[in-house]
Amino acid sequence: MNNRKQIPFSKEQLEQIATAHPTPFHLYDEKAIRENARAFYRAFSWVSGFKNYFAIKACPNPTILKLLKEEGMGADCSSLTELLLAEKVGFRGEEIIFSSNNTPGSEFAEAARLGAVINLDDISHIETLEQSAGIPELISFRYNPGEARFSNAIIGSPREAKYGLTRDQIVDAFRIVKGKGARRFSLHTMIVSNELDEDCFADTARLLFELAVKIRGKTGIRIESINLGGGIGIPYLPEEKAVNFDRLSAKIAALYRKIIVPASLDPTGVVFECGRMITGPYGYLVSRVRHVVSKYKQYVGLDSSMADLMRPGMYGAYHHITVPGKEEQPHDRIYDVTGSLCENVDKFAIDRPLPEIEPGDLLVIHDTGAHGYAMGYNYNGKLRSAELLLREDGTAQLIRRAETVDDYFSTMRFPGAPVKL
Ligand SMILES: *Cc1c(COP(=O)(O)O)cnc(C)c1O
């Protein structure tokens, strides 16, 4: 995938969309999402039963989820409401994986009701699961390699991470669930996040392939599917390069031939749980400029805020900005681009070179298709934006309306007012 940071719509098209749907809104590019999904699946066509379970937390919108289901994806859920959303969209049985941590028994029961693949994060959860839902036929464990594995800055050192079973626990865990009646087994890990280096995922594959061979040797258990987790990154910076699916797949295939095949474990499934790279680059936060003001610095104030996109304020993350219609103008102004929260971190960009901006201009913030709307919140009484889908025919479809004042007040109970039951 290229990383030219071009927008897939013209200024005129965007103005037209904004007439029907007031800014701010997140706009998702259906065609690009589908093409990317197909490229990912094509690259892994050598795997029997290849699947990406889309991590719902990245973009919990039913229209987007349905579109990904049409492309053959499953759903990766980590909470009760994500399970219910997957069910409402039409995901069934093993199309759903329930990969959560610190999980209440009631959520295991719900996952079991749906027939989802249950991925246990801790050896003690075998008992929680047994008491709440019984031991299912198919069971998965999340592995944490501890010091056996390098770290990635975002997730941190595996040893410090709260997730997964340790090297000492993982083999016993499979033995225990087999003794309790489980008949099918899969293995999972997730050790990196927003990673662009294909070798990191090859290392993860090697780790799990070798572990599957070890589990076979020690317990006789055959792992039917290896889940490499999510964490494939996206090039937020214009100078970064997207992960090359064909290269990634070739590296994993080479390890499969080297480790899985000689151990007579072929076919073993290989699956992912990617969220970010599936929708991230294909979503745009579209905002209008309210004010351009001059203090000690120059500020562009938008009609959106950190409540619509947390990443810059929370992580100092870079999100590219395009001013439609002014792409070719010299980027000779330096602005801080801000929202309107009473928080000084509420900035989409700091010291960003941009063309001269005037009130009323539309601004497009890139790469908001994952952890954009999803991380939104109501701080400062901000109402969450709408979400739109840019269809393949160029029209825009409302796929979630903006919140209203009534939505905001709907959970409040005013003192003295009668409580409606
Ligand atoms: C967040 C998460 C994912 C998805 O990660 P991305 O970085 O969006 O690909 C997958 N699996 C688990 C267990 C997660 O917590």
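Remember, it's 1-based here, ligands and their atoms both numbered in the order they're listed. Note: hydrogens, waters and symmetry copies are ignored here, and every other heavy atom, side chains too, is used.
- When each atom of ligand 1 is checked for a heavy atom of Asp76 under 4.0 Å away, the hits are 10 (C), 11 (N), 12 (C).
- Using a cutoff of 4.0 Å between basic side-chain nitrogens and carboxylate oxygens, Lys31 and Glu392 are not scored as salt-bridged.
- Listed by number with element, the atoms of ligand 1 under 4.0 Å from a non-hydrogen atom of Arg142 are 13 (C).
- Shortest contact from atom 12 (C) of ligand 1 to any protein heavy atom: Glu273 OE1, 3.4 Å.
- Between Gly275 and ligand 1, at least one pair of N/O atoms sits closer than 3.5 Å.
- Checked for salt-bridge contact, Lys51 and Glu94 miss the test: no charged N lies under 4.0 Å from a carboxylate O.
- Of the protein's heavy atoms, Lys57 NZ, 1.3 Å lies nearest to atom 1 (C) of ligand 1.
- When each of Tyr41, Tyr53, Phe44 is paired with Phe272, the ring-ring contact (aromatic ring centres under 6.0 Å, His included) condition holds for Phe44 and for no other.
- With hydrogens left out, the protein atom closest to atom 5 (O) of ligand 1 is Met190 CE, 3.4 Å, a heavy atom.
- When hydrogens are left out, the protein atom nearest atom 8 (O) of ligand 1 is Arg276 N, 2.8 Å; that is the closest non-hydrogen contact.
- The aromatic ring centres of Tyr143 and His188 sit 6.0 Å or more apart.
- Taking a cutoff of 4.0 Å between a charged side-chain nitrogen and a carboxylate oxygen, Glu137 and Arg184 qualify as a salt bridge.
- Taking every heavy atom of Cys274 and a limit of under 4.0 angstrom, the matching atoms of ligand 1 come to 9 (O).
- Close contacts between ligand 1 and Ala55 involve ligand atoms 3 (C), 4 (C) [criterion: under 4.0 Å to a heavy atom].
- Between Ser99 and ligand 1, not a single N/O pair is under 3.5 Å apart.
- Taking the six-membered ring for Trp, His319 and Tyr236 have ring centres closer than 6.0 Å.
- Neither the backbone nor the side chain of Met277 has a heavy atom within less than 4.0 Å of ligand 1.
- For Lys57 and Asp76, the salt-bridge test fails: no basic side-chain N is under 4.0 Å from an acidic carboxylate O.
- In this structure, Leu120 CG and Ser100 OG are separated by 8.5 Å, a value rounded to the nearest 0.5 Å.
- The heavy atom nearest to atom 7 (O) of ligand 1, out of those in Gly231, Cys77, Ala370, is found in Gly231.
- In Asn194, neither the side chain nor the backbone holds a heavy atom less than 4.0 Å from any atom of ligand 1.
- Here the side chains of Val47 and Tyr256 are not in contact, with every heavy-atom distance at 4.5 Å or above.
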